[in-house]
Amino acid sequence: RGWKRIKPIFGDVDPRTVTLDEISELRQHVEETVSLREAHRTIKIWRALWKVLAALGYCIRDADPSLAVRNSAAKGRDQRWAEGEVIRLAKGAWRMGYRGLAVVMAVVWDTQMNPGDVRPLSAQQLATNGIGGLFFTERGKTGVPVGGQLSRRTARLLIAYIEALGVELLGDAPIFRNRSGSPYSKDTLGDDFRTVRAAVFGLDEKRMLGHDFRRSGAVEAIAGDATPAQLSHAMGNTLSASNALFATYVPVNASSIRAVAEARKLGRKRLAENGSRTKSGNTPAG
């Protein structure tokens with residue numbers, strides 16, 4: 001995303017000729033025409049690109065003109081979903097005929113996986129245990145192995161969805177499909193989610209499927225005493241500073257996934273209790 005802002009202006013320019021004013025004007029233009037978040041990303045990409053150019057001998061590493069630009073970032077998102085709201089979304093999607101989306105939302109909520117990693121899941125990636133569906137896959141962007149455990153509710157919904165498809169899925173065929181029967185793409189999944197979200201919560205609702213679902217699950221897990229390393233490992237990201245070593249010496253496994261799932265249940269209960277005390281006018285316990 002950052003490169004598409006940089007290329008039209010500096011793509012064929014000798015980096016040693018780029019000035020501070022030009023970089024500053026680029027950042028201001030992106031902030032005014034797109035967003036502060038995009039402007040911040042653009043300068044980050046420029047700085048990473050400069051280091052590569054310096055290593056190749058096209059410029060001097062410490063002479064990057066962008067280093068004199070204050071690259072403030074947008075405030076991070078803090079929106080969260082409650083479990084009951086996700087259930088309402090899934091039920092609404094099912095009733096409206098977006099059954100593939102309903103199951104995707106349920107799977108994303110249970111597993112904290114990125115929607116982009118859930119979309120291509122195939123029948124051969126699913127396994128079952130005595131509690132719910134347990135499956136393993138890998139992050140599409142990084143190839144980091146991840147897994148997820150489905151609640152009994154989601155497992156039943158998944159089975160009902162597959163049976164309703166009326167076709168036999170080949171081992172590597174994507175399970176989740178839109179209303180036309182085609183496998184979900186990033187765009188069609190996002191479009192359908194926004195349609196259902198507006199129908200259930202109104203046009204003013206802006207919470208998202210990806211980051212906001214995952215953030216909600218992370219808050220539950222931490223409230224339920226999951227460690228950062230467990231949560232980082234289960235989500236396939238670098239939430240824990242020791243994630244690289246943790247992933248190297250403790251490959252993703254069912255026990256760590258189950259530990260996070262159980263922590264989320266405990267955390268969900270604690271968050272609900274805390275919310276109830278706050279609404280009743282009592283001071284929450286510290």
Side-chain angles (χ1 to χ4, degrees), residues 1-81 108 112-119 139-144 185-195 197-198 201-219 228 231-232 235-241 243-244:
R1 282 163 40 190
W3 173 241
K4 74 177 183 181
R5 314 288 177 193
I6 297 169
K7 180 180 178 180
I9 301 174
F10 300 118
D12 59 353
V13 173
D14 185 337
R16 292 169 294 186
T17 66
V18 178
T19 67
L20 169 60
D21 287 343
E22 290 172 332
I23 290 294
S24 182
E25 289 174 4
L26 169 65
R27 191 189 186 285
Q28 183 176 357
H29 174 73
V30 175
E31 180 176 346
E32 292 175 350
T33 58
V34 187
S35 67
L36 174 59
R37 189 178 304 277
E38 196 70 11
H40 177 260
R41 177 183 291 269
T42 298
I43 297 302
K44 283 185 63 177
I45 297 300
W46 168 271
R47 290 173 177 172
L49 175 64
W50 185 275
K51 292 176 182 178
V52 176
L53 293 172
L56 295 173
Y58 289 105
C59 56
I60 300 173
R61 182 184 176 94
D62 294 334
D64 181 0
S66 76
L67 296 178
V69 175
R70 183 178 179 182
N71 193 33
S72 56
K75 183 179 179 181
R77 291 177 61 86
D78 59 1
Q79 288 87 343
R80 291 189 282 136
W81 293 94
V108 171
Q112 297 177 257
M113 289 173 61
N114 189 298
D117 298 325
V118 171
R119 281 190 294 106
R139 293 294 311 276
K141 291 183 179 180
T142 62
V144 174
S185 66
K186 178 180 179 180
D187 292 336
T188 56
L189 183 67
D191 290 343
D192 286 357
F193 175 75
R194 286 186 286 273
T195 298
R197 182 185 64 188
F201 290 103
L203 295 174
D204 292 334
E205 179 59 70
K206 301 301 181 185
R207 285 175 294 177
M208 300 188 297
L209 170 60
H211 295 307
D212 295 339
F213 267 47
R214 302 187 83 203
R215 181 183 303 108
S216 304
V219 170
L231 187 56
S232 172
M235 295 178 68
N237 61 19
T238 54
L239 179 66
S240 165
N243 186 65

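- Residues Arg214 and Asn114 share a closest heavy-atom pair of NE-N, 3.7 Å.
- Looking at heavy atoms from C-beta onward, Ile23 lies in side-chain contact with Ile43 at the 4.5 angstrom threshold.
- Residue pairs satisfying the side-chain hydrogen bond (donor to acceptor under 3.5 Å, both in side chains) criterion with at least one member in residues 50-61, sequence neighbours excluded, are absent.
- Within 6.0 Å of the CZ atom in Arg41, the count of heavy atoms belonging to other residues, nucleotides or ligands does not exceed 12.
- In this structure, Leu203 places its CG atom where only 12 or fewer heavy-atom neighbours from other residues, nucleotides or ligands lie under 6.0 Å away.
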Worked verdict on Arg47 versus Leu67 for side-chain contact (heavy atoms from CB on, under 4.5 Å): CA-CA 8 Å; Arg47 290 173 177 172; Leu67 296 178; 4.3 Å; yes
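- Rounding to the nearest 0.5 Å gives a distance of 13.0 Å between CG of Asp117 and CD of Gln112.
- Here the shortest heavy-atom pairing between Leu20 and Ala68 reads CD1-CB, 3.8 Å.
- In terms of heavy-atom proximity, Ala39 sits nearest to Asn71 at O-OD1, 3.9 Å.
- Within the model, atoms CD of Gln28 and CD of Glu25 stand 7.5 Å from one another, a figure rounded to the nearest 0.5 Å.
- Within 6.0 Å of atom CD1 in Ile60, 12 or fewer heavy atoms from other residues, nucleotides or ligands are found, so the atom counts as exposed in its surroundings.
- Qualifying side chain to side chain contact (heavy atoms under 4.5 Å, CB included) partners for Glu205, counting only residues two or more places apart in sequence or in other chains: Trp81, Arg197, Phe201, Arg207.
- Side-chain atoms of Asp187 and Ser185 include no donor-acceptor pair closer than 3.5 Å.
- Listed for the Arg80 side chain is no donor-acceptor partner under 3.5 Å among the backbone atoms of Arg215.
- Using a 4.5 Å cut-off on side-chain heavy atoms (C-beta onward), Val18 and Trp46 make contact.
- Looking at Thr33, its side chain does come within 3.5 Å of a backbone N or O of His29 through a donor-acceptor pair.
- You'll find the side chain of Ile45 stays beyond 4.5 Å of the side chain of Arg5, heavy atoms only.
- Atoms CD1 and CG, from Ile9 and Leu26 in turn, are 4.5 Å apart once rounded to the nearest 0.5 Å.
- With hydrogens and angles ignored, the 3.5 Å screen pairs a side-chain donor or acceptor of Glu22 with a backbone N or O of Thr19.
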Verdict with reasoning, Arg27 to Leu36, per side-chain contact (heavy atoms from CB on, under 4.5 Å): CA-CA 9 Å; Arg27 191 189 186 285; Leu36 174 59; 3.6 Å; yes
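- Taking each heavy atom of Leu209 and Val108 in turn, the nearest pair found is O-CG1, 4.1 Å.
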